[in-house]
Protein chains: 2
Amino acid sequence: SNLGGGNHAAALMDSQVVDWCKQMMGFPQSASGTLVSGGSMANIIGLTVARNARAGIDVREHGVAAIEKPLRFYGSDQLHSCHRKAMEALGLGNRALRRIPTDAGLRIDIDALRSAIAEDRKAGFRPACVIGTAGTVNTGAVDDLQALARLAAQEDLWFHVDGCIGALIAIAPENSHRVAGIEQAHSIALDPHKWLHAPFEVGCVLIRDASAHRSTFAVTPEYLESTPRGLASGQWLHDFGLQTSRGFRALKVWMALKQHGIEKFGRLIDQNIAQGHYLSGLIEAEPTLELTAPTSINIVCFRYRGDGLTGERQKALNTEIMLRLQEDGIAAVSDTTVHGQHCLRVAINNHRTRREDLDLLVRETVRLGQEVSRPGVALPSP
Amino acid sequence: SNLGGGNHAAALMDSQVVDWCKQMMGFPQSASGTLVSGGSMANIIGLTVARNARAGIDVREHGVAAIEKPLRFYGSDQLHSCHRKAMEALGLGNRALRRIPTDAGLRIDIDALRSAIAEDRKAGFRPACVIGTAGTVNTGAVDDLQALARLAAQEDLWFHVDGCIGALIAIAPENSHRVAGIEQAHSIALDPHKWLHAPFEVGCVLIRDASAHRSTFAVTPEYLESTPRGLASGQWLHDFGLQTSRGFRALKVWMALKQHGIEKFGRLIDQNIAQGHYLSGLIEAEPTLELTAPTSINIVCFRYRGDGLTGERQKALNTEIMLRLQEDGIAAVSDTTVHGQHCLRVAINNHRTRREDLDLLVRETVRLGQEVSRPGVALPSP
């Protein structure tokens with residue numbers, strides 16, 4: 001039935017899962033949160049709270065057009081496209097989101113960010129929010145979250161972390177240092193259907209200031225109590241997001257955490273990250289392949305060099321390799337473009353992945369690369 | 001796995017379910033649509049397309065503040081609260097949504113709507129969209145959708161229908177006339193997890209103009225093709241809404257429609273509506289009870305009169321009756337307030353409901369009303 005909220009075991013389990021997410025992220029018990037379909041929805045919820053908290057007016061009542069100085073949001077040029085969609089949906093517009101250049105590690109350039117903020121203040125904008133990424137979708141790069149937290153505090157910005165790829169690294173003993181600073185965010189988006197291995201869909205957004213969260217979405221005023229007893233008593237989960245109808249998506253996360261415990265998931269995350277670095281090593285040792293970005297966590301970007309190939313022809317060759325890897329059932333490799341360079345992309349999220357799977361992937365990529373390089377093989381047109 | 005789209009049977013089944021929804025609503029095959037969590041998300045998707053289509057500028061790029069004349073949306077004073085949340089999230093603000101008075105049947109007053117539009121044009125606003133309701137959540141009232149379609153055409157407004165409660169009446173032979181005109185809407189929100197009996201969550205939004213739909217949400221430009229083959233070929237479902245991560249929510253609807261067919265669901269809707277009118281008849285025949293709104297479809301609003309009771313005391317009495325009905329496991333009755341009057345609310349959606357269940361409900365309500373009216377029984381405080 002509809003888990004809009006109320007006095008059900010299901011609603012309490014939903015809150016319990018959110019509480020566990022807070023603990024995993026180092027957030028205080030007083031923080032707020034809600035389960036959503038996935039990362040895009042988690043980010044849009046976080047950014048909506050950020051918008052409303054920093055608007056300086058009652059933006060719910062009067063709308064974005066009444067904001068005195070136009071708000072500006074910041075993220076790196078590696079930001080997931082859902083942030084653009086969120087800015088557009090929220091009425092702030094794509095232009096309100098400034099993309100800051102990244103360094104060689106594909107992490108946001110903190111100095112460039114600081115300059116952009118100063119420039120915007122001077123030009124009459126209101127810098128409102130910086131979005132840090134804990135694991136970019138392209139390469140898995142993790143922004144310097146501690147530096148971002150400091151800067152956000154100095155500049156009075158909302159600090160949102162898109163941790164859909166990597167926030168849960170916080171529970172992995174060997175790698176948690178990579179996301180240090182995430183516990184200082186005002187809001188975090190994370191995805192239990194990634195590294196907690198829950199079936200799709202289940203994302204989660206956490207908001208440090210519970211009252212800012214509720215006052216962004218609740219239509220029922222605080223002073224209006226629900227019924228004291230019965231089905232409609234208790235907290236209404238729809239007061240914390242855009243959905244009213246809710247399935248019982250908490251159950252699958254609750255059961256997995258009860259059964260396996262946080263520690264086991266932490267170990268599996270460390271295992272995937274170690275596998276990412278193992279795969280990088282294989283690629284570096286293979287002369288026909290090359291890494292196209294540094295490997296930080298579980299995402300590896302590389303390509304088949306091809307003899308003297310560049311640009312569109314190299315892209316076509318690698319695309320054909322990818323399609324054959326998929327079609328032959330060898331591996332579900334995807335592709336992406338990082339700073340204008342096309343490459344193959346491997347994201348290792350599965351707890352069943354073994355090193356021999358990665359050996360096979362490299363072997364087969366090389367074999368297909370040779371096969372596809374032969375004269376007369378038709379390549380996908382650009 | 002993630003059903004963001006691509007060349008999977010699951011993505012094709014998703015499109016098939018949307019196509020069946022179009023057919024059920026009398027929409028052309030060329031229309032667009034997407035499955036979402038439920039009615040609130042379906043409405044926000046429809047209203048986002050309406051906002052962007054009527055903004056008169058590239059609102060995705062420049063934001064709501066750049067719109068020359070502030071947009072105005074219209075709906076009745078019985079509109080579901082999700083529309084307010086949508087207006088706030090979209091940056092238009094609650095004030096951009098004018099609530100138009102309703103008639104004795106709780107349907108939007110067409111003349112009052114026409115006057116409000118004229119008044120707004122004169123005051124420098126841009127009337128953009130009228131939201132018709134096919135089944136209000138309070139009483140099940142269905143706006144005159146044919147009159148709204150005509151008015152929307154005359155006034156050049158986007159015509160959105162919130163059919164989360166009642167759009168599917170279009171497939172019920174004895175009652176489809178109640179939603180005539182819905183096929184002329186620009187967009188419709190409906191809920192397969194209500195009268196198609198799918199488990200939560202599954203809502204659907206349909207957009208007549210497929211290109212307006214895609215151009216509101218797709219971040220991938222049209223000219224960028226996906227891969228010609230492999231996992232990433234085919235349509236991307238995330239180009240039509242806010243979610244990226246998607247579960248396979250189409251499957252449950254696909255299976256139910258394949259197994260039972262549209263006709264059976266239509267008959268069950270007729271049955272629920274007949275039960276609504278049967279229950280109304282029982283209440284009218286029972287001197288201690290009274291209807292508080294006309295019964296139109298499957299929702300019945302009534303209360304226990306109580307001897308000479310009014311206002312807060314009558315509310316407290318009826319609240320206690322409701323809580324005991326719930327706590328004793330007799331019926332999951334809710335309550336609501338219609339035009340300032342508190343009442344109990346019965347929504348009959350279950351295909352297993354029988355007339356004797358309704359006989360029991362009336363009998364037990366009367367018994368509890370007598371019990372609770374006795375001196376010395378503590379009532380919930382207002």
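By convention in this document, chain letters (A, B, ...) are assigned in the order of the sequence lines, proteins followed by strands, and residues within each chain are numbered from 1.
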Among B:Ala89, B:Cys82, B:Pro70, who wins on heavy-atom pairs under 4.5 Å with chain A? B:Ala89
If we ignore hydrogens and angles and just use 3.5 Å, is the side chain of A:Lys85 paired with the main-chain N or O of B:Gly241 as donor and acceptor? yes
Toward chain B, the part of A:Ala66 with a non-hydrogen atom under 4.5 Å: neither
Is B:Arg246 salt-bridged to A:Glu201, cutoff N-O under 4.0 Å? no
Under 6.0 Å from the NZ atom of A:Lys69, do we count more than 12 heavy atoms belonging to anything else shown? no
Do A:Arg229 and B:Glu320 meet the salt-bridge criterion of a basic N to acidic O distance under 4.0 Å? yes
Minimum heavy-atom distance between A:Gly247 and B:Phe200, given as atom pair plus value: CA-CB, 4.0 Å
Taking the side chain as C-beta and beyond, is there a heavy-atom pair between A:Gln243 and B:Ser40 under 4.5 Å? no
Spatial distance of atom CG (B:Asn43) from atom OG1 (A:Thr244) [nearest 0.5 Å]: 9.0 Å
Part of A:Leu92 lying under 4.5 Å from any heavy atom of chain B: backbone
Can you tell me which portion of A:Glu88 sits under 4.5 Å from chain B's heavy atoms? Options are side chain, backbone, both or neither. both
Beyond-backbone contact of B:Leu90 with A:Leu90, side-chain heavy atoms, under 4.5 angstrom: no
Between B:Ser37 and A:Ser245, what is the shortest heavy-atom contact and its length? O-CB, 4.1 Å
Heavy-atom side-chain contact between B:Arg60 and A:Asn94 under 4.5 Å: no
Structural part of B:Ala55 lying under 4.5 Å from a heavy atom of chain A: neither
Contact origin within A:Arg84 toward chain B - heavy atom pairs under 4.5 Å: side chain
Contact winner vs chain B - A:Arg324, A:His238, A:His62, heavy-atom pairs under 4.5 Å: A:His62
Applying a strict 4.5 Å limit to non-hydrogen atoms, the region of A:Met322 in contact with chain B is side chain
